[in-house]
Q: 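A single structure is presented below for examination.
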Protein chains: 2
Amino acid sequence: MTELTATAHPNIAYIKYWGNRDQELRIPANGSISMNLAALFTRTQVIFDESFEADQLILNGEPVTGAGLQRVSDFLALVRQISGMGEFARVESENNFPMGTGIASSASAFAALSLAASAAAGITLDEKDLSRLARCGSGSASRSVPGGFVEWQAGDSDANSYAYSIAPPEHWELADCVAIVSQEHKATGSVEGHAIADTSPLQAMRIEQVPSHMKSCREAIIQRDFAAFAEITEHDCNMMHAVMMTSNPSLIYWQPPTLAIMQAVHSWRKNGIPVCYTIDAGPNVHVICENSHQEQVKALLKDIPGVLKVMLSGPGGPALLIE
Amino acid sequence: MTELTATAHPNIAYIKYWGNRDQELRIPANGSISMNLAALFTRTQVIFDESFEADQLILNGEPVTGAGLQRVSDFLALVRQISGMGEFARVESENNFPMGTGIASSASAFAALSLAASAAAGITLDEKDLSRLARCGSGSASRSVPGGFVEWQAGDSDANSYAYSIAPPEHWELADCVAIVSQEHKATGSVEGHAIADTSPLQAMRIEQVPSHMKSCREAIIQRDFAAFAEITEHDCNMMHAVMMTSNPSLIYWQPPTLAIMQAVHSWRKNGIPVCYTIDAGPNVHVICENSHQEQVKALLKDIPGVLKVMLSGPGGPALLIE
């Protein structure tokens, strides 16, 4: 019996991942850039034991069966294949944030699971190989393996599709003010969403544009140029949602308060507050600013009808094994 | 002194007009399809008189100066050029619906003005030439000249860019349930919006798709196939708004209740009510159904928070001279 525990942070993408070149291996249609969120984390313990007769999953204290268990078990099968170790595992995982609401719980979940499971299976993977492994569980999990500001190079095969850090967490004191407008599970999850990205007539054009988005965003982060960062982050977000709403079926993840926040952010920026928004495949809005403005932005967000709560987070570190 | 009065209806586009091939002549980037709205109208009286020293505009009882007058005066100059008549005009115009809120007041305004002014200037234009003339005042005005269900062929010059009827008003008893969520003047008018359509990386792709949208929509109207009509109408609307929100600057015309209505319409359709939405360059939502459902849809719309009022309209006739 080997038991290991790892933690990982979810991440917020500034250049978005939407659509796969290879659905099963999660080779993405385009590269992406993100920031880990220090205040949010998943903590996952993995025990392999020869006495287990099947994989088990306990999520936030509740046993999970069905599709949720199957996805984890498929992933554990991959770890067994890589490590050559044949035992079943018991996985216990906890998040300190709500799932299924546009906060990428699958990113931190599969990043933490990759690290805990590979270590418990007796193999030591470097950051690149850990990122590749995490990617097979959930695409955006590849970005929760390295720390700070992270770029996932799309690549075109399992070997070259992985993420690496472009700047450490302390490089830029950005704050993500996450405005929660719904804690309900979204109607169409990311996995199904990625699968229909190509049905939008606009997807090909977005993919063509992303390399220039990546360059602008990477440079803005390196130079800590908030104005440039805000422009490309919002534009790429709008491009992804344009693809979503024109796919078949049409995916509109926004809810009325989502739009109210987007418009408020524009008016705040017009009034001199350096702030921008980005939105994943869900209704919650990530309002980004430098951390000197975070309390002001949090207070402003709380005044918008429909905002249930606001979580603050700075840039987080990499996935880590803990005692 | 010659005095003539004309009326015209605004129209709602099912395949949208967004972007120009020629900004000044308003040769559109793509063709479009619309329905005139019988319940809404502009009524415009034009008097040419040799004693006038300048053009005058009275709109809903109020004298207009500045840019509003200039736009009408530029249009009257075109009428004077075509007719060879040199007098200035006094234009009195009234709408029975609010302006600047995504109900195309400029469409009915320039359609009525084209007819009244050309007739008052002593020239008789056929429907095609009247549509071409109206187009020079406001692109979508070309579609308010013919009656019923109307197609505006994009063309590539002043000579071949005009609208014609594809079915009379009585062909299909569609109802437009216009949900008004704001009566404020929009921040970015259509003229400026058309001018920046090309700054969206998605515009070229939409333009490429429109001919197939036109074909689907035309066939759905001819065959009175509501399901096919709903699908293409919403898709084309979403495509246009995708272009708008990814242009530079980003144009987001929706407001929180706009999104609430869009989502409600999807849930009603899922529950068996044949209904769809379309949205112009403004926050109001045109909810389309067959008129047997209009009272039910109106009642449902009124229950959505943020809906100020609901106007109902069936298909309207052409621009007409009145006594």
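Labels below follow one simple rule: chain letters A, B, ... track the order of the sequence lines, proteins then strands, and each chain is numbered from 1.
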Q: What I'd like to find out is whether the side chain of B:Ile288 reaches to under 4.5 Å of the side chain of B:Val297, using heavy atoms alone.
A: no
Q: What salt bridge (Lys or Arg N to Asp or Glu O under 4.0 Å) pairs are there with at least one residue in residues 237-263 of chain B, not counting sequence neighbours?
A: none
Q: Is there side-chain contact between B:Cys289 and B:Cys177, with heavy atoms separated by less than 4.5 Å?
A: yes
Q: Tell me, side chain or backbone of B:Met262 under 4.5 Å from chain A's heavy atoms, or both, or neither?
A: side chain
Q: Would you say that B:Val178 contacts B:Ile12 through its side chain, given a criterion of any heavy-atom pair below 4.5 Å between the two side chains?
A: no
Q: No hydrogens needed, just list the donor-acceptor pairs between chain B and chain A under 3.5 Å.
A:
from     : atom 1 : to       : atom 2 : distance (Å)
B:Asn238 : ND2    : A:Met245 : O      : 3.3
B:Asn238 : ND2    : A:Ser250 : OG     : 3.4
B:Met245 : O      : A:Asn238 : ND2    : 3.2
B:Ser250 : OG     : A:Asn238 : ND2    : 3.4
B:Trp254 : O      : A:Gln263 : NE2    : 2.6
B:Gln263 : NE2    : A:Trp254 : O      : 2.6

Q: With heavy-atom distances below 4.5 Å as the criterion, would you say the side chains of A:Leu300 and A:Ile273 are in contact?
A: yes
Q: Do A:Leu174 and A:Phe149 come close enough that some side-chain heavy atom pair is under 4.5 Å?
A: yes
